[in-house]
Amino acid sequence: MKEIPDKYKHKEQEAKWRETWKANGVFSWDPARPREETFIVDTPPPTVSGSLHIGHVFSYTHQDLLARYQRMKGKNLCYPMGWDDNGLPTERRVQNLFRIQCNPHLPYDPEWKAEKKGAKQPVQEVSRRNFIEACGIVTAEDEAAFEGLWRSLGLSIDWDLQYATIDEHCRKISQASFLEMVEKGYAYSIEAPTMWDVDFQTAVAQAEVEDRSRPGHFHDIRFQVEDGGDFIITTTRPELLPACIAVVAHPDDARYQSLFGKNAITPLFGAKVPIMPAEHADPEKGSGILMVCTFGDAADVEFWKQSKLPIKQIIGRTGTLLPVEFGQGDFNSENPKQAQKNYQELAGLGVAKAKKRIVELLAAERLVDGSSPLVSEPRPLEHPVKFYEKGDRPLEFVTTRQWFVRLLEHRDALKAQGQKITWHPAHMQTRYQNWVEGLNQDWCISRQRYFGVPFPVWYPTDAQGEADFSQPIFADVASLPVDPMSATPPGYSEGQRGQPNGFVADPDVMDTWATSSLTPQIISHWGLDEKRHQNLFPMDIRPQSHEIIRTWAFYTIVKAWIHSGEIPWNHVVISGWILDPDRKKMSKSVGNVITPGHLLEEHSADGVRYWASRARLGADTAFDEGVMKVGKRLCTKLFNASRFVISQLERVGADISAFGPEQVTTEVDRDLFVRLKKTVVTAEKSFEKFDYAAALEATEKEFWAFCDDYLELVKRRSYGEEDNEDRRSALATLALSLKMFLRLFAPFLPFMTEEIWSWRFAKSEGKEGSVHVASFPTSAEYAAVAETKYTNCYAAGVEVLVKIRSAKTEGKKSLRWPISQLTVRGSQENLDALKVALDDVLEAGCVQPDGVTFEVGEPKEGDLFEVVAVLAEEVPASA
RNA sequence: GGACGUAUAGCUCAGUUGGUUAGAGCACUACGUUGACAUCGUAGGGGUCAGCGGUUCGAGUCCGUUUACGUCCACCA
């Protein structure tokens with residue numbers, strides 16, 4: 001027999017169980033079992049270069065609760081872990097840690113080794129392959145640290161099912177997905193103005209764009225009209241004046257009707273631009289007339305596309321003004337020499353500096369009537385400006401060649417897919433619908449970065465060595481994954497790379513979401529193992545947070561629809577955010593992030609999990625260490641109550657696992673089981689609705705009541721010296737109820753319940769001995785407990801005991817103080833019920849048996865009884 | 001501007017299809033070491049259920065409206 005410890009030391013015990021679970025493969029997935037017996041979690045792959053905070057612990061606990069419940073229901077759990085390691089965050093960290101910069105034109109240096117360097121050391125340029133190797137070193141370290149934390153938290157992940165979004169398998173799936181999207185006509189490449197981050201020098205997608213409120217200025221600028229007259233335009237972006245291609249006003253705007261069809265002359269640059277009607281011009285805003293520049297915003301892009309006007313691109317990929325020649329090409333001017341002189345003042349400047357300079361130029365400029373085109377001092381305002389979510393400078397529209405996935409024409413189909421999925425909580429589906437309805441661009445999936453999945457594409461070159469983008473050469477699916485920078489396209493030799501009549505590689509990598517949108521296919525081995533794919537796809541649950549519904553959830557639904565015509569999972573479960581005590585979202589930029597390490601140490605993993613388990617899905621929750629303390633206290637209570645139950649049984653040599661429901665024979669015990677069965681049903685129903693918090697609440701409430709009341713009432717019988725039916729029933733009830741509570745708590749408190757389970761309930765040392773593969777309690781399990789003939793006899797006993805205790809508290813006496821006279825008034829029916837429990841009550845309440853009086857009568861409304869307990873004059877020596 | 005959510009005790013939160021006197025924990029107060037538990041127990045005080053209006057025999061719950069807070073989307077002249 002295993003020795004039961006006096007004290008629970010959570011650090012040691014939790015470490016012990018982590019090792020045991022690992023050694024026994026308690027959480028491993030069995031690929032042989034069929035789909036209907038399997039439950040699949042599409043685990044969110046955390047960005048490894050970020051640091052984990054308490055919010056991650058919160059949401060990953062939620063999925064683990066659901067996984068553990070399903071496992072105890074007998075399901076074969078496929079609960080993998082992925083790491084999102086490609087993309088910008090890793091690149092940034094690698095650049096800083098190793099002081100390197102990727103230069104994709106350098107050859108690979110096999111001798112080069114990545115070394116961490118101080119911030120003051122010079123930056124070294126390395127090849128793309130060397131750079132990626134360095135990324136691999138960093139992500140491997142990060143992944144190990146993350147895995148350690150997840151194990152500390154007790155996540156029941158199958159650690160054999162791991163993937164990293166940059167690994168070979170994921171690259172293969174991502175490239176295969178791309179090729180199929182090309183084949184099915186969903187992916188296309190086009191040279192077009194695209195939202196562009198000038199610092200990262202990459203295109204970005206609509207989903208990665210956010211508005212930030214920034215100070216700016218209105219500038220009122222007078223334009224001349226070709227054959228006389230003028231008008232004033234209000235703009236916040238005067239630096240785009242040289243890129244002005246048209247001037248527009250609303251077609252119904254009376255003020256400008258007479259100007260439509262004429263040309264305006266831009267100040268400083270003398271460019272003749274058409275004055276045109278346009279629906280998007282709002283007469284209420286500014287002066288009602290505005291300039292269209294290539295490109296100031298999405299409306300400019302849209303207008304330019306429809307108008308077929310020439311493009312005047314003045315902002316380059318680095319965010320500085322490009323050198324252009326006025327009087328040549330599309331940069332027309334009435335006075336090219338003066339225009340060029342003015343532009344020379346701006347060329348090479350960044351956007352902010354160009355803005356400042358052009359205001360000075362406008363102020364100094366004189367129109368024919370001698371006035372300045374800048375008709376007033378710039379007026380300050382706060383306005384929303386679009387930023388890349390990871391960027392520091394406003395986005396610009398730059399014309400580049402990019403790969404896109406068609407979304408706009410499929411909005412209705414994608415909305416319908418969202419409706420086939422059950423969202424928890426349900427209102428989160430609205431966010432998905434809103435996002436799909438609000439889409440205004442196709443999905444740009446190409447990024448001008450290095451650490452990511454390359455496009456498996458090359459382009460033939462013409463006699464001049466220029467790439468022909470209209471004839472892309474795609475890699476063969478069997479050859480995936482490929483890096484076109486080092487692999488040669490079919491039918492070419494490496495010597496033809498970059499040569500006339502040769503080929504060039506597509507230099508770009510995919511958006512990180514292009515890979516992470518495939519997590520279900522990555523896990524199911526889509527296209528590689530059809531049997532496994534059929535067995536795992538669609539999945540059961542996708543846990544995630546709500547701010548990435550528009551990215552991760554949305555793109556995953558897109559990919560599943562394109563590739564399989566299916567939804568990727570049946571349920572999406574959304575965790576809320578952790579708010580700091582001021583109810584602000586915890587985020588790195590705000591600097592209010594709380595890391596979980598010390599909390600797990602102090603409050604135990606079970607305590608921290610308890611805190612997370614109390615929060616319902618989707619509800620933002622304030623960080624509260626007090627709740628973790630409550631969780632730890634619950635563990636202690638469970639520990640002590642279990643020791644008591646086991647000691648009671650073993651005092652008389654009973655085997656705790658040998659009791660069955662038919663041995664519950666005493667009326668009070670049978671009545672207790674009416675309650676316990678209700679609790680089991682509530683827990684099960686709640687879990688089936690993914691409402692783990694309600695399951696915990698019901699279990700916890702019942703457990704405390706069990707400790708406070710039943711354990712007190714039962715002592716007379718369980719401590720009894722005589723081996724009779726009453727005692728056997730008490731022991732059976734203790735054994736069965738403890739076994740029940742341990743399993744009900746197991747998803748929430750996996751360490752503590754496993755510890756206690758291992759004392760006496762575990763049937764073996766291996767996987768089968770774990771409480772986490774034991775079956776979750778059902779009410780059917782206790783069907784063989786006979787119904788009591790005295791309904792409420794347990795409740796009656798409890799109520800009288802509570803009132804006796806209350807009398808002692810009021811009398812400022814200890815709970816062991818004897819009661820000399822007890823009068824109980826109630827209905828005959830309730831008194832009869834009470835009499836069944838009376839011996840237990842009298843013993844627990846230290847009532848002298850000869851001092852009890854019953855009266856038939858009406859107690860206060862809501863009560864079963866009115867109780868008068870007279871405290872004894874003094875403590876007898878025996879007490 | 002559009003959408004969604006939240007508002008219940010000092011704090012963190014429950015409150016089911018409308019149904020007795022609105023609950024729990026923390027904190028607070030008092031009492032008590034009792035044969036599982038001082039990492040404790042027992043008991044107590046504490047609420048105009050954000051405001052207003054409506055439906056109903058009856059509203060924390062349903063409807064309308066207002067306010068505050070949060071989030072997402074739109075908004076760059």
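The analysis underlying the following values was restricted to heavy atoms, covering all of them including side chains, and did not include hydrogens, waters or symmetry mates. Each chain gets a letter, A, B and so on, in the order the sequences are listed, and its residues count up from 1.
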**OP:** Look at the aromatic rings of A/F231 and A/F223 and report parallel, tilted or perpendicular, splitting at 30° and 60°.
**Re:** parallel

Subject >> Criterion ring-ring contact (aromatic ring centres under 6.0 Å, His included) on A/F748 and A/F687, from CA distance to verdict >> reply: CA-CA 12 Å; A/F748 305 99; A/F687 262 121; 5.6 Å; yes

**OP:** Counting heavy atoms from C-beta on, name the nucleotide in B/U34, B/G32, B/C37 closest to the side chain of A/N640.
**Re:** B/C37

Original post:
So, is A/K812 near the phosphate of B/U42, with a side-chain N or O under 4.0 Å from OP1 or OP2?
Top reply: no

**OP:** Send over the distance from A/L638 CG to B/C40 C1', rounded to a whole Å.
**Re:** 16 Å

Subject >> Inter-residue atom distance A/S642.OG - A/K637.NZ, 0.5 Å rounding >> reply: 11.5 Å

Original post:
Over how many whole Å does the gap from A/I804 atom CD1 to B/G32 atom P extend?
Top reply: 19 Å

Original post:
What is the distance, rounded to the nearest whole Å, between atom CZ of A/R633 and atom P of B/U39?
Top reply: 12 Å

Original post:
Got a donor-acceptor pair under 3.5 Å from the side chain of A/K386 to the base of B/C76?
Top reply: no

Subject >> Partner residues of A/Y610 under the side-chain hydrogen bond (donor to acceptor under 3.5 Å, both in side chains) criterion, sequence neighbours left out >> reply: A/R614, A/E700

Subject >> Sugar-phosphate only, base, or nothing, as touched by A/A281 at under 4.0 Å among non-hydrogen atoms >> reply: base

Original post:
RNA chain B: A/T621 or A/G296, which has the more 5' nearest nucleotide?
Top reply: A/T621

**OP:** Determine the contact category for A/V802: base if any of its heavy atoms lies under 4.0 Å from a base atom, sugar-phosphate if only primed atoms, P, OP1 or OP2 are that close, otherwise nothing.
**Re:** sugar-phosphate

Original post:
Using a cut-off of less than 4.0 Å, is there contact between a side-chain N or O of A/R616 and OP1 or OP2 of B/U12?
Top reply: no

**OP:** Name the residue closer to the 5' end of RNA chain B, choosing between A/H427 and A/W577 according to the nucleotide with the nearest heavy atom.
**Re:** A/H427

Original post:
Between atom CZ in A/R237 and atom P in B/C76, what is the gap in whole Å?
Top reply: 12 Å

Original post:
Reckon A/A641 touches a base, only the sugar-phosphate, or nothing at all at heavy-atom distances under 4.0 Å?
Top reply: base

**OP:** Look at atom NZ of A/K715 and say whether more than 12 heavy atoms of other residues, nucleotides or ligands are closer to it than 6.0 Å.
**Re:** yes

Original post:
Rounded to whole angstrom units, what separation is found between the NZ atom of A/K285 and the P atom of B/C75?
Top reply: 9 Å

Original post:
Does A/Q206 have a side-chain nitrogen or oxygen under 4.0 Å from the phosphate oxygens OP1 or OP2 of B/A74?
Top reply: yes

Subject >> Nearest-Å distance for atom pair CG/P, residues A/D624 and B/C11 >> reply: 12 Å

**OP:** Would you indicate whether A/E382, at its atom CD, is surrounded by more than 12 heavy atoms from other residues, nucleotides or ligands within a distance under 6.0 Å?
**Re:** yes

Subject >> Base partner of B/U42, which must satisfy Watson-Crick or wobble distances under 3.5 Å >> reply: B/A30

Original post:
Over how many whole Å does the gap from A/F644 atom CZ to B/C37 atom C1' extend?
Top reply: 11 Å

Original post:
What's the CD1-P distance between A/I4 and B/C37, to the nearest Å?
Top reply: 14 Å

**OP:** Looking at every strand, decide which applies to A/L801 at a 4.0 Å heavy-atom threshold: base, sugar-phosphate, or nothing.
**Re:** nothing

Original post:
Considering only heavy atoms and no angle criterion, is a donor-acceptor pair shorter than 3.5 Å present between the side chain of A/D211 and the base of B/C75?
Top reply: yes

